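To keep things clear, I will list the structure first and then write my remarks on it.
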Protein chains: 2
Amino acid sequence: MRSYGQYCSIARALDVVGDRWTLLIVRELLLQGPCRFTDLKKGLPGIATNLLSSRLRELEEAGLITREDAPPPVATALYTLSEDGLALEPVLKSLGLWGLRFMTDERPDDAFQGRWLAYAPVWFTTDADPDGPPVVIQVVAADETAVIELRDGRIHTRLGHATDPDLVLDGPPRAVLGLLTGVIDRELAGRLGLSVHGRRDLLTRLQPVTQD
Amino acid sequence: MRSYGQYCSIARALDVVGDRWTLLIVRELLLQGPCRFTDLKKGLPGIATNLLSSRLRELEEAGLITREDAPPPVATALYTLSEDGLALEPVLKSLGLWGLRFMTDERPDDAFQGRWLAYAPVWFTTDADPDGPPVVIQVVAADETAVIELRDGRIHTRLGHATDPDLVLDGPPRAVLGLLTGVIDRELAGRLGLSVHGRRDLLTRLQPVTQD
DNA sequence: CAGCATCCCCTCGGATACTG
DNA sequence: CAGTATCCGAGGGGATGCTG
């Protein structure tokens with residue numbers, strides 16, 4: 001990216017991560033941890049391979065990622081976020097929190113991945129009753145499944161299925177994620193096709209975080 | 001900007017503000033308040049006028065700014081951040097905080113403006129002794145002057161000169177801003193050409209903020 | 001002079017094909 | 001699997017011109 005040529009930390013940050021795709025590559029590395037080329041490509045539907053390889057080179061030159069040859073079982077290059085790269089997490093959080101306001105716009109062709117189902121509750125919600133009993137929520141959206149666990153005031157998520165969840169949410173991504181992140185209410189979620197089974201009272205445990 | 005086509009709030013945020021110059025336009029509107037076309041152009045050295053006008057149109061369509069015809073004394077259009085636009089402040093703060101790590105790189109041709117001297121302390125530092133006595137610091141860098149006032153735990157800045165400041169910092173932007181934001185120490189600032197007059201002990205009052 | 005629109009040129013991004 | 005090579009169109013930068 002051409003430099004903005006301004007002695008301002010925002011402009012200098014954008015000199016490094018302002019290129020198209022760059023912040024989404026960092027998102028993938030934050031969500032998945034160290035990745036191979038193909039892992040990144042899968043997580044970034046639509047990116048051209050030449051762009052991905054050139055962005056990875058630029059990120060390495062800027063010191064945001066390191067490229068290592070993985071040990072024998074894998075035998076391929078692994079891209080890992082450096083300390084400077086990991087430090088972008090608050091930037092992606094605030095950007096994603098701001099972007100929630102656009103998640104209700106209907107764009108049926110948008111790609112959707114289970115990982116995005118998993119990180120949203122962790123980054124954008126808090127447990128309203130941190131001292132309350134543990135809760136296990138199963139979420140299903142667009143053939144992707146994830147488990148949200150509330151325990152000790154922390155929110156954990158993982159892909160896959162839960163055994164005996166307290167609450168099950170199933171529906172299109174807009175309905176499930178919209179309700180979880182608080183951008184739509186339960187009534188609208190229902191009209192968008194959300195089905196809820198189990199202890200729906202537990203939904204109040206998840207509260208949208210407020211910025212700063 | 002071409003959409004990323006992902007149902008992810010980070011990707012959707014970048015669909016709106018990921019274009020080149022867009023976030024810097026928002027920065028100007030946050031720092032200056034409502035602006036005329038020419039105010040923005042002055043604050044964004046290097047932007048082409050056609051790009052500025054097209055970005056302003058896109059920002060208006062996205063609902064981030066409003067365009068109003070100013071009352072008679074000005075008789076020109078005024079661009080103002082909407083609520084959604086103002087909500088980008090935490091994004092710019094976290095981005096700028098992250099970008100501080102690049103402010104020590106020497107790039108002599110970078111443009112520098114007094115406003116950037118003023119916002120850095122407000123966004124990136126806190127008063128380490130909020131109950132301490134009020135402090136007035138005069139900063140001078142690259143012919144730009146600003147006043148930093150610490151009072152009641154708050155940090156205020158304005159462009160211009162102070163009468164009888166407690167402390168005066170004068171030097172190249174890298175030295176002044178680097179020291180204020182904590183990315184370089186006093187010794188290095190001195191070697192970069194910083195001159196300090198007055199109560200240099202007051203410098204400890206300004207502490208870099210930590211992210212999240 | 002403020003606020004664009006137009007032009008040219010060149011870089012960048014996107015899609016596809018191809019290789020170690 | 002992990003990229004590189006290539007082509008083409010879109011977008012950015014810069015200069016200039018137009019309109020009130």
Side-chain angles (χ1 to χ4, degrees), chain A residues 1-6 11 14-25 28-29 32 34-62 65-80 109-111, chain B residues 1-6 11 14-25 28-29 32 34-62 65-80 109-111:
Chain A
M1 155 165 286
R2 186 192 179 91
S3 167
Y4 286 107
Q6 302 184 358
L14 290 173
D15 282 347
V16 178
V17 296
D19 263 323
R20 188 162 167 77
W21 291 109
T22 301
L23 279 178
L24 293 186
I25 293 172
E28 286 304 304
L29 289 168
Q32 300 198 50
C35 285
R36 294 175 302 172
F37 190 89
T38 319
D39 301 330
L40 291 168
K41 191 163 161 44
K42 265 190 215 131
L44 299 165
I47 195 171
T49 56
N50 57 348
L51 269 191
L52 179 52
S53 83
S54 104
R55 289 290 177 275
L56 288 171
R57 205 177 317 120
E58 293 158 7
L59 283 170
E60 192 183 358
E61 280 165 18
I65 64 174
T66 59
R67 179 204 163 107
E68 301 160 81
D69 290 321
V74 187
T76 180
L78 265 190
Y79 299 95
T80 307
D109 293 339
D110 271 10
Chain B
M1 155 164 287
R2 184 191 180 93
S3 168
Y4 286 107
Q6 302 184 359
L14 290 172
D15 283 347
V16 178
V17 296
D19 262 325
R20 188 162 166 79
W21 291 108
T22 301
L23 280 178
L24 293 186
I25 293 172
E28 286 304 305
L29 289 168
Q32 301 198 48
C35 285
R36 293 174 301 173
F37 189 89
T38 319
D39 301 329
L40 291 168
K41 190 164 163 44
K42 266 189 213 134
L44 299 166
I47 196 172
T49 55
N50 55 350
L51 269 191
L52 179 53
S53 85
S54 104
R55 289 289 178 274
L56 287 171
R57 207 177 314 119
E58 292 158 7
L59 283 170
E60 192 184 357
E61 280 165 18
I65 63 173
T66 58
R67 178 205 164 107
E68 300 160 83
D69 290 321
V74 187
T76 181
L78 265 189
Y79 299 95
T80 308
D109 293 338
D110 270 11

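Note: hydrogens, waters and symmetry copies are ignored here, and every other heavy atom, side chains too, is used. What you see is a predicted model; the values in this text were computed from it and never measured. Residue numbers start from 1 in every chain, and the chains themselves are labelled A, B, ... in the order their sequence lines are given, proteins ahead of strands.
Atom P of nucleotide D:dA2 and atom CG of A:L44 are separated by 14 Å, given to the nearest angstrom. To the nearest angstrom, P of D:dG3 lies 13 Å from CD1 of A:I47. As rounded to whole Å, 15 Å separates atom P of D:dG3 from atom CD of A:E58. Going from atom CG of A:L14 over to atom P of D:dG12 covers 14 Å, rounded to whole Å. Distance CG (B:D19) to P (D:dG13): 10 Å, rounded to an integer number of Å.
B:R20 places none of its side-chain heavy atoms less than 4.5 Å from the side chain of B:L51. With a 4.5 Å cut-off on side-chain heavy atoms, B:T22 and B:V16 do not count as touching.
Residue A:Y79 places at least one side-chain N or O under 4.0 Å from the OP1 or OP2 atom of D:dG3.
Both A:R67 and B:R2 lie near DNA chain D, and the one whose nearest nucleotide falls closer to the 5' end is A:R67.
Here the shortest heavy-atom pairing between A:P45 and B:Q6 reads CD-NE2, 3.6 Å. Residues A:L52 and A:L40 approach most closely at CD2-CB, 4.0 Å, considering heavy atoms. The heavy-atom pair separating A:D39 from A:R36 by the smallest distance is OD2-N, 2.9 Å. Residues A:S53 and A:N50 approach most closely at OG-O, 3.3 Å, considering heavy atoms. For B:T80 against B:P34, the heavy-atom pair with the smallest separation is OG1-CB, 3.7 Å.
Residues satisfying the ring-ring contact (aromatic ring centres under 6.0 Å, His included) criterion with A:F37, sequence neighbours excluded, are absent altogether. Judged as a salt bridge (charged side-chain N to carboxylate O under 4.0 Å, His left out), and not counting sequence neighbours, the contacts of A:D110 are A:R107, B:R12. For A:E58, the side-chain contact (heavy atoms from CB on, under 4.5 Å) partners at least two apart in sequence or on another chain are A:D19, A:S54, A:R55.
Each end of the helix from C:dC1-D:dG20 to C:dG20-D:dC1 gets its own rotation axis from five pairs of C1' atoms, and the angle between them is 30° to the nearest 10 degrees.
Shown for residues 48-55 of chain B: residues whose heavy atoms fall under 4.0 angstrom of DNA chain C, namely B:T49, B:N50, B:S53.
Although no hydrogens or angles enter the test, the distance criterion places a donor-acceptor pair under 3.5 Å between the side chain of B:D15 and the main chain of B:Y4.
The outermost nucleotides of DNA chain C lying under 4.0 Å from heavy atoms of chain B, listed 5' to 3', are C:dA2 to C:dA15.
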